[in-house]
Amino acid sequence: MGAPVHGSGLRTDRPERSRRALVAGSVGNFIEWYEFGVYGYFATVIAARFFTPEGGSEVEALVKTYASFALAFFFRPVGAALFGRLGDRVGRRPVLIMVIVLMTAATTLIGVLPTYDTVGALAPWLLTLLRVLQGLSAGGEFGGAVSVMTEFAPPGRRGLYGSWQSFTVALGLLGGAGVAALLATVLSEGQLGDWGWRLPFLLTLPMGLGALWLRLRLDETPSFESLREEPLPERPPGREVAKAIALGAGRIMGWAAAGYTFLVVLPSYLQSSLNATFQQALVATVLANLGFAATIIPAGLLSDRIGRRPVMLTGALLVTVLAVPLLNLLQNTGPSNAVKGGAVFVAGAVVGLMAGPGPAMLSEMFPTSVRYTGLGLAYALSNAVFSGCAGLIITETIKRTGSVDIPAYYAAVTCAVSVLALLTLRKEPVQGGS
C-alpha cells in the first residue's frame with residue numbers, strides 16, 4: 001500500500017497551537033524512552049536485585065530481566081488498541097492525559113520496589129506488573145502523540161513535526177544514559193547496586209507532573225474536531241486497515257530492531273560479550289544516541305522535500321550493509337577508542353534516517369477516524385516483536401551459539417525486510433493536504 005488509506009483529513013491551525021501541540025506531544029515520548037533506556041542501561045543491576053536468588057546464574061538473571069523487558073513491549077499493542085480506540089472516539093487530548101498519568105505512576109513505583117533480598121520471589125512479579133502497566137501506557141502514547149503532532153502540522157511540514165517524536169526518543173535515551181553515567185561516576189559500585197539505581201526511576205515523577213500540566217493546556221486537534229462535526233464519519237473497511245497496519249509494521253521493523261540493538265541493548269552486550277566496563281558501555285551508548293539524534297530532524301525535514309521513501313530506504317540499506325563491519329570494528333582490539341566511538345556514532349546516525357520520516361509516514365497511511373489506533377498498532381506491534389525482544393533474542397542466541405556477531409545479523413536482516421516493505425511506498429514527495 002503506497003498511498004494513504006482514504007483521505008487522511010490532515011489540517012493545520014495557528015502556529016502557536018501547533019508549537020504547543022509539538023511540545024505536549026513530545027514530552028510523553030521523552031519520559032517513555034527515558035525509562036526504557038534506564039531499564040536497559042541498568043539491566044545488569046536490575047538482574048542482580050530482582051532476578052538472582054542465592055546461587056542463581058548471572059546470565060540466566062539477565063535473560064529473565066530482558067524477558068520482563070520484552071513482556072512490557074508485548075502489552076504495547078494492547079495499549080495501542082485500547083487507548084487508540086478511545087482516542088479515535090473521544091479525542092486525542094483526554095486519552096493522552098490518561099496515558100501520561102499511568103506512565104508516570106508505573107515508572108515512579110519501580111523506584112520504590114522491594115528487591116529479591118527483601119520479599120523473595122514476589123519482587124520480580126511486582127516489577128513485571130509495573131512493566132506491563134508501562135507497556136500499556138507506552139502503547140497508547142505513540143499513536144496519540146504522532147496524531148497530535150501531524151494533525152497540527154503546517155502544510156508540507158508533517159515530516160518535520162513527526163520527526164520530533166523520534167527526536168525526543170533520542171533525547172529520552174540520552175537523558176537516561178546521562179543520568180546512569182553520572183550515577184556511575186559519583187557513586188561506588190556498591191552504592192549504585194544498593195540504592196543508586198532507584199534514583200533515575202524516581203526522577204520520572206517531576207517530569208511526569210510537568211508533562212501533565214502541558215497536556216492539560218493542549219487543544220483538541222483540528223482534524224478530530226472536524227471529524228466530530230460530521231454526522232456519520234466514514235470509516236475504512238477493517239481488512240484495509242489491518243493490511244495498512246501490517247505493512248506499516250514491516251516498513252519500520254528495521255528501525256525498531258536496529259534502534260534498540262544499537263541504542264539500548266549495546267551496553268549489556270559490550271559488558272557481557274566484549275568485557276567492557278559499565279562506564280565504557282555507557283559512553284558508547286551516548287555516542288550512538290548522539291548520532292541518532294543528529295540525523296532525525298534533518299531526515300524528517302528532507303522527507304518533506306523529496307518524500308519519505310528515499311530517506312527511509314537509505315537508512316535501511318545502510319544498516320543492512322554496515323551492521324556487520326561496524327560490529328567487527330568494535331570487536332577488534334586494533335582500532336583506537338576514537339575510531340570505535342565514530343563507528344557507534346555512525347550506527348546511531350543511520351537509524352535516525354529511518355526514525356525521522358517514520359512517524360509522518362505511518363500517520364499518512366491512516367485516515368483521521370482510525371489514525372490513533374492504526375498508526376499506534378503498527379508501531380506497537382513492530383516494537384513488541386523487534387525492539388522488545390531484541391535483548392532477549394540477542395542474549396539467548398549468543399548464549400546458545402557463542403557467536404558475538406548476532407546483534408549485527410539481527411539488525412541487518414530486519415532492515416533488509418524493511419527495504420522490501422519500503423519499496424511499496426509511493427515515490428513522489430509528500431506535500432500538503434492528503
Side-chain angles (χ1 to χ4, degrees), residues 40 43 62-63 66 170 173 250-276 280-292 294-296 299 310-356 358 382-383 385-423:
L62 188 58
V63 169
Y66 277 128
L173 292 173
R251 288 174 177 171
I252 66 169
M253 67 183 285
W255 164 22
Y260 243 80
T261 300
F262 295 148
L263 306 176
V264 177
V265 175
L266 186 64
S268 294
Y269 167 77
L270 291 175
Q271 291 175 79
S272 61
S273 299
L274 302 185
N275 299 316
Q280 289 172 333
L282 280 174
V283 169
T285 306
V286 168
L287 289 172
N289 277 281
L290 285 173
F292 181 56
T295 57
I296 289 170
V311 181
M312 296 187 71
L313 268 176
T314 299
L317 284 169
L318 284 173
V319 174
T320 303
V321 173
L322 295 177
V324 174
L326 284 172
L327 192 64
N328 288 342
L329 189 150
L330 292 179
Q331 295 162 353
N332 194 330
T333 57
S336 66
N337 288 335
V339 171
K340 291 183 178 182
V344 295
F345 184 90
V346 169
V350 292
V351 176
L353 295 178
M354 295 180 281
S382 188
N383 274 270
V385 177
F386 302 107
S387 287
C389 291
L392 184 61
I393 291 172
I394 290 169
T395 304
E396 185 66 23
T397 307
I398 291 175
K399 176 184 169 184
R400 291 178 179 273
T401 65
S403 172
V404 292
D405 291 333
I406 296 302
Y409 294 141
Y410 181 70
V413 170
T414 51
C415 281
V417 175
S418 276
V419 166
L420 300 178
L422 285 165
L423 287 173

Quiz item: Would you call Leu287 and Lys340 a side-chain contact if the rule is heavy atoms closer than 4.5 Å?
Solution: no
Quiz item: Side chain of Thr320, backbone of Val413: donor and acceptor closer than 3.5 Å?
Solution: no
Quiz item: So, for Thr295 and Ala349, which heavy atoms are closest and what is the spacing to 0.1 Å?
Solution: OG1-O, 2.8 Å
Quiz prompt | Over all atoms of both residues, closest heavy-atom pair of Ser403 and Ile398 | solution = O-CG1, 3.3 Å
Exercise. Any chance you could measure Ile393, atom CD1, to Tyr410, atom OH, to the nearest 0.5 Å?
Key: 4.0 Å
Quiz prompt | Nearest-0.5 Å distance, CZ of residue Phe292 to CG of residue Leu353 | solution = 10.0 Å
Quiz item: Is any side-chain heavy atom of Val286 less than 4.5 Å from a side-chain heavy atom of Leu290?
Solution: yes
Quiz item: What heavy-atom pair brings Leu329 and Ala343 nearest, and what distance separates the two atoms?
Solution: CD2-CB, 4.0 Å
Self-check item: Nearest heavy atoms of Ala323 and Ala411, plus distance in Å
Solution: CB-CB, 4.4 Å
Quiz prompt | Separation of Ile406 CD1 from Thr401 OG1 (nearest 0.5 Å) | solution = 4.0 Å
Exercise. Can you measure from CG (Leu327) to CG (Leu322) and round to the nearest 0.5 angstrom?
Key: 12.0 Å
Self-check item: Closest contact, heavy atoms only, Thr414 versus Met253
Solution: O-CG, 3.7 Å
Quiz item: Atom OG1 in Thr397, atom CG in Asp405: separation rounded to 0.5 Å?
Solution: 12.5 Å
Quiz item: Say you draw a straight line from CZ of Arg251 to CG of Leu423; how long is it, rounded to the nearest 0.5 Å?
Solution: 10.0 Å
Practice problem: Could you tell me whether the side chain of Val319 reaches within less than 4.5 Å of the side chain of Phe262, counting heavy atoms only? | Solution: yes
Self-check item: Heavy-atom check, side chain of Tyr260 versus side chain of Phe386, under 4.5 Å
Solution: no
Quiz prompt | Closest heavy-atom pair and its distance - Ala316, Leu422 | solution = CB-CD1, 4.3 Å
